[in-house]
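Residue numbers run from 1 in the order of the sequence given.
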Amino acid sequence: TIIVSTVVPTRDGYEFTGWKDQSGSVAASGSTYTVSDGHYLLYAQWRAISYSVTYDVNGGDVAPTESNHEIGDIFNVAAAPTKTGYNFAYWAEGSSRYNPGLPYQVGSDNVILRAVWTPKVFEITFDFNSGIGSPIAPIEYTFNTPAASLPTSGPTREDFTFSGWSSSATSSVGSYTFTPSGDILLHAVWVPSVYYLTFDAGSGFADRSAEKVTIGQSSTLPSASRT
């Protein structure tokens with residue numbers, strides 16, 4: 001007789017469940033075992049561990065799902081999720097990278113695949129909106145960074161003052177910073193810099209009937225007479 005070993009063997013991806021001899025008889029760890037014909041070889045018994053597969057979309061949309069797997073199993077990596085303002089780069093596990101649709105072989109740990117994203121880069125272009133001047137080169141804006149600084153000068157327009165930029169060609173309120181959510185054309189905003197005055201002398205006569213006056217400046221009114 002012998003005392004069955006209490007030392008627990010190990011095997012990657014498996015759980016030890018006990019000993020059996022070649023006849024199928026169970027030999028419990030620490031128990032007394034009688035050696036005889038057909039009862040002298042003890043075999044370790046193993047049960048495969050079920051490992052979970054988790055997708056961490058890292059701020060993206062709904063996470064893919066995958067059933068549990070055992071060591072050695074192969075499954076195809078899920079399709080790319082989406083995330084506003086970002087391009088999907090790859091799935092990562094530690095320093096390893098996995099592209100959607102490629103096979104992944106399960107090892108001896110739970111699987112956590114984390115989405116890696118790169119911010120989109122948008123292009124801002126400029127429309128002088130009836131103004132004139134040298135073309136302004138487009139500006140690149142990287143998503144989720146501080147607002148883009150826009151040109152504070154450049155175009156001109158007779159009788160108008162440049163007042164920044166807007167996504168609307170008819171806006172009267174401009175800005176010198178902008179945070180786009182995609183490629184965009186910005187329009188110059190113009191505010192009148194002059195008033196056009198007209199004079200009605202009634203039944204009399206005036207030395208002029210109209211005048212253009214720069215806003216903020218004074219003007220001498222015309223003289224009028226009547227006979």
Side-chain angles (χ1 to χ4, degrees), residues 8-18 43-129 135-151 164-171 173-189:
V8 177
T10 59
R11 180 184 177 189
D12 284 346
Y14 291 84
E15 178 184 4
F16 174 69
T17 60
Y43 296 93
Q45 304 301 300
W46 304 99
R47 180 171 57 240
I49 298 172
S50 179
Y51 293 110
S52 63
V53 179
T54 303
Y55 287 96
D56 175 4
V57 293
N58 190 18
D61 59 9
V62 179
T65 58
E66 179 69 35
S67 59
N68 287 10
H69 288 279
E70 299 172 354
I71 189 171
D73 286 354
I74 295 175
F75 66 90
N76 290 330
V77 175
T82 59
K83 183 179 180 180
T84 300
Y86 290 84
N87 291 314
F88 177 80
Y90 51 84
W91 295 105
E93 184 182 45
S95 60
S96 299
R97 302 181 179 187
Y98 301 92
N99 291 325
L102 293 183
Y104 179 103
Q105 185 168 26
V106 177
S108 56
D109 288 295
N110 292 322
V111 179
I112 300 177
L113 295 171
R114 181 177 173 85
V116 176
W117 305 96
T118 56
K120 291 182 178 180
V121 178
F122 303 129
E123 185 176 76
I124 302 173
T125 51
F126 301 96
D127 165 38
F128 287 173
N129 198 13
I136 297 175
I139 293 175
E140 288 189 342
Y141 171 78
T142 301
F143 184 78
N144 203 28
T145 60
S149 296
L150 307 178
W165 304 92
S166 172
S167 58
S168 169
T170 59
S171 176
V173 179
S175 176
Y176 295 101
T177 60
F178 193 79
T179 304
S181 57
D183 294 340
I184 193 165
L185 174 66
L186 295 182
H187 308 274
V189 174

Practice item. Look at the rings of H69 and F75 and say which category their plane angle falls in: under 30° parallel, 30 to 60° tilted, over 60° perpendicular. Key: parallel
**Study point:** Nearest heavy-atom neighbours spanning A115 and N58
**Key:** O-ND2, 3.0 Å
Exercise for review: Side-chain contact test, heavy atoms from C-beta onward, threshold under 4.5 Å: evaluate it for P151 versus I139 and give yes or no.
Suggested key: yes
Point to revise | Side-chain heavy-atom pair I184, F178 within 4.5 angstrom cut-off | key: yes
Review point. Would W165 and Y176 count as a close aromatic pair, with their ring centres under 6.0 Å?
Key: no
Practice item. Can you see which heavy atom on L113 is nearest to which on V77, and at what distance? Key: CD1-CG1, 4.4 Å
Practice item. Could you tell me the separation between the OG1 atom of T170 and the CG atom of N129, rounded to the nearest 0.5 Å? Key: 8.5 Å
Point to revise | Residue pair S108 / I71: nearest heavy atoms and the distance that separates them | key: CB-CD1, 4.2 Å
Practice item. First locate atom CG of D127, then atom OG of S166, and finally report the distance between them rounded to the nearest 0.5 Å. Key: 11.0 Å
Point to revise | Distance (rounded to the nearest 0.5 Å) between W46 CH2 and T10 OG1 | key: 6.0 Å
Practice item. Can you tell me which residue pairs pass the salt bridge (charged side-chain N to carboxylate O under 4.0 Å, His left out) test with a partner in residues 43-64, sequence neighbours excluded? Key: E15-R47, D56-R114
Check your understanding: What side-chain hydrogen bond (donor to acceptor under 3.5 Å, both in side chains) pairs are there with at least one residue in residues 139-148, not counting sequence neighbours?
Key -> Y86-N144
Check your understanding: Which distance, rounded to the nearest 0.5 Å, do you find between the CD1 of I74 and the CD of Q105?
Key -> 4.5 Å
Check your understanding: Atom OG1 of T118 and atom CG of N87: how far apart are they, to the nearest 0.5 Å?
Key -> 4.5 Å
Exercise for review: List the atom of A147, the atom of T177, and the distance in Å for their closest heavy-atom pair.
Suggested key: CB-CB, 4.1 Å
Point to revise | Student check: side-chain heavy atoms of P100 and F88 closer than 4.5 Å | key: yes
**Study point:** F126 and I124, any side-chain heavy atoms less than 4.5 Å apart
**Key:** yes
Practice item. Before giving the answer on side-chain contact (heavy atoms from CB on, under 4.5 Å), spell out for W91 and V57 the whole-Å C-alpha distance, their side-chain angles and the decisive distance to 0.1 Å. Key: CA-CA 9 Å; W91 295 105; V57 293; 4.3 Å; yes
Check your understanding: Under the 3.5 angstrom rule, does the side chain of S52 hit a backbone N or O of N110 as a donor-acceptor pair?
Key -> no
Revision key, fill the gap. Here the pair of heavy atoms bringing T82 nearest to W117 is C-CH2, 3.5 Å
Check your understanding: What is the minimum heavy-atom distance between Y55 and A78, and which atoms define it?
Key -> OH-N, 3.0 Å
Revision key, fill the gap. dist L186:CG -> T125:OG1 (nearest 0.5 Å) comes out at 7.0 Å
Practice item. For F122, enumerate each residue passing the ring-ring contact (aromatic ring centres under 6.0 Å, His included) test, keeping only those at least two apart in sequence or located in another chain. Key: none
